[in-house]
S.K.: 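Handing you this structure, nothing more for now.
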Amino acid sequence: MQAGLILLAGTAGQVVVASTITPIVKNTISLITSLRSAENTPTLQDVIVKHDIPATLQTIESTCVALKCDKEPLKTAAGHVVEAVQHIHQLLTRIADITATHSAGYVSRWRTLVLDSEIGQLESLMTILHQRFKLMCDIHSVTS
C-alpha cells in the first residue's frame, strides 16, 4: 500500500510539472507572437531575439516533461523553473496590456511608449530562468 502511495505521489509530481508548464509555454509563445506583430519598441524586440525566448521556453518545457520529477530535489527544482516561466508569462501579459492600452488611446499619437522598466524586469527574469534551469539540470546529473 505504501509503495502504491509513493508511486502515485511521484506520478502526480511529474503530471503537475508537465500539466503546468505546457499551457503556460504555449500561451507565452502566442503572447510573444502578438507582441512581435504589434508595433512595439525596438528594445523589446531586441530582448526577445537576444534571449530567443520562444525557443528557450520550448526547450525548457520539453526537458521538464522528459525528466522524471518524482524525487524531491528534482521535483522542487522543476517547480521553481515552472514558477520562473509563470513570472515571465505574467510580465509579457502586462507588457501586452500596456501596449494595447497605449495603442488604443489618443495619447499614442503624440507620446511614445516607454517599457524600460518592464524590459529590465524581463532581462532579469530570463537570467533567473537560466540559472534555475541550469540548477535543475545539475541536480538531475547528480541524482541519476
Side-chain angles (χ1 to χ4, degrees), residues 1-105 108 111-144:
M1 167 117 175
Q2 191 175 24
L5 289 174
I6 291 172
L7 177 66
L8 181 63
T11 306
Q14 193 171 8
V15 168
V16 166
V17 170
S19 66
T20 303
I21 196 166
T22 300
I24 292 171
V25 168
K26 287 181 182 177
N27 288 337
T28 304
I29 290 173
S30 65
L31 262 175
I32 291 169
T33 304
S34 70
L35 285 171
R36 281 185 171 173
S37 64
E39 293 185 26
N40 259 335
T41 58
T43 53
L44 178 61
Q45 299 302 323
D46 294 342
V47 170
I48 291 171
V49 169
K50 174 185 169 188
H51 290 287
D52 196 13
I53 296 175
T56 301
L57 292 178
Q58 288 174 334
T59 303
I60 289 173
E61 172 197 10
S62 297
T63 305
C64 285
V65 170
L67 293 178
K68 300 204 183 316
C69 300
D70 55 346
K71 295 189 176 140
E72 186 47 46
L74 191 58
K75 184 177 171 182
T76 302
H80 289 298
V81 169
V82 170
E83 181 182 320
V85 172
Q86 287 173 337
H87 287 301
I88 290 169
H89 177 74
Q90 289 170 352
L91 179 63
L92 289 172
T93 302
R94 188 169 66 215
I95 290 171
D97 290 345
I98 291 169
T99 303
T101 303
H102 177 77
S103 297
S108 66
R111 185 171 179 221
T112 58
L113 179 63
V114 178
L115 295 171
D116 294 340
S117 174
E118 287 81 7
I119 290 170
Q121 290 175 5
L122 184 59
E123 290 268 2
S124 175
L125 286 173
M126 286 305 295
T127 302
I128 290 169
L129 177 63
H130 284 290
Q131 290 172 347
R132 289 181 180 181
F133 182 67
K134 183 182 179 316
L135 180 63
M136 184 182 76
C137 291
D138 290 345
I139 289 171
H140 180 264
S141 67
V142 167
T143 57
S144 61

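This structure is a prediction, so every number in the text was calculated from the model and none was measured.
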S.K.: Within the side chain of T63, is there an N or O that forms a donor-acceptor pair under 3.5 Å with the backbone of T59?
M.R.: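 At least one qualifying donor-acceptor pair exists.
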
S.K.: Yes or no on side-chain contact (heavy atoms from CB on, under 4.5 Å) for L44 and L122, after CA distance, side-chain angles and deciding distance?
M.R.: CA-CA 9 Å; L44 178 61; L122 184 59; 4.1 Å; yes

S.K.: Just by distance, do the side chain of T28 and the backbone of L92 share a donor-acceptor pair under 3.5 Å?
M.R.: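 No.
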
S.K.: Looking only at heavy atoms, which two atoms of P54 and I29 are closest? And how far apart?
M.R.: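 Smallest heavy-atom distance, with atoms named: O-CD1, 3.9 Å.
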
S.K.: Roughly how far, to the nearest 0.5 Å, is OG of S124 from CD1 of I119?
M.R.: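 So the CD1 of I119 and the OG of S124 are separated by 13.5 Å.
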
S.K.: Quick check: closest heavy atoms across R94 and Q121, and the distance to 0.1 Å?
M.R.: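 So the minimum-distance heavy-atom pair works out to NH2-OE1, 2.5 Å.
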
S.K.: How many angstroms lie between atom NE2 of H51 and atom OG1 of T127, to the nearest 0.5 angstrom?
M.R.: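 If I round to the nearest 0.5 Å, the distance is 5.5 Å.
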
S.K.: Provide the closest heavy-atom pair for V47 versus I53 in the form atom of the first, atom of the second, distance.
M.R.: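 So the minimum-distance heavy-atom pair works out to O-CD1, 4.4 Å.
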
S.K.: Grab the two heavy atoms, one from A78 and one from M136, that are nearest each other, plus how far apart they are.
M.R.: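 Heavy atoms only, the tightest pair is CA-SD, 3.6 Å.
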
S.K.: Tell me whether T76 contacts the main-chain N or O of P73 through its side chain, where contact means a donor paired with an acceptor under 3.5 Å.
M.R.: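 Pair absent, no side-chain N/O of T76 close to backbone of P73.
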
S.K.: Between CG of L113 and NE2 of H102, what distance do you get to the nearest 0.5 Å?
M.R.: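 The CG atom of L113 sits 5.0 Å away from the NE2 atom of H102.
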
S.K.: Which residue is it: I98, T99, T93? I am looking for the one with a side-chain contact (heavy atoms from CB on, under 4.5 Å) to I95.
M.R.: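 Result: among I98, T99, T93, T99 is the only option passing the side-chain contact (heavy atoms from CB on, under 4.5 Å) with I95.
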
S.K.: Would you give the length of the straight line joining atom CD1 of I24 to atom CD of Q90, rounded to the nearest 0.5 angstrom?
M.R.: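 Going from CD1 on I24 over to CD on Q90, the span is 8.5 Å.
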
S.K.: Taking the side chain as C-beta and beyond, is there a heavy-atom pair between Q131 and L135 under 4.5 Å?
M.R.: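 Not in contact.
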
S.K.: Identify the two heavy atoms, one from L129 and one from A84, that lie closest to each other, and give their separation to 0.1 Å.
M.R.: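 It is CD1-CB, 3.8 Å.
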
S.K.: Ignoring hydrogens, what is the shortest heavy-atom contact between M126 and I88? Give both atom names and the distance.
M.R.: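 For M126 and I88, the tightest heavy-atom pair comes out as SD-CD1, 3.5 Å.
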
S.K.: State the NZ-CD1 distance between K50 and I48, to the nearest 0.5 angstrom.
M.R.: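 Spacing of NZ (K50) from CD1 (I48) equals 13.0 Å.
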
S.K.: Whether K26 and E61 form a salt bridge (side-chain N of Lys/Arg under 4.0 Å from carboxylate O of Asp/Glu) is what I want to check.
M.R.: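 Salt bridge flag = no for K26 with E61.
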
S.K.: Using modelled atom types and a 3.5 Å cut-off, is there a donor and acceptor pairing between side-chain atoms of S103 and backbone atoms of A100?
M.R.: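 Absent.
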
S.K.: Just verifying a value: how many Å separate H89 NE2 and N27 CG, rounded to the nearest 0.5 Å?
M.R.: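 The distance works out to 5.0 Å.
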
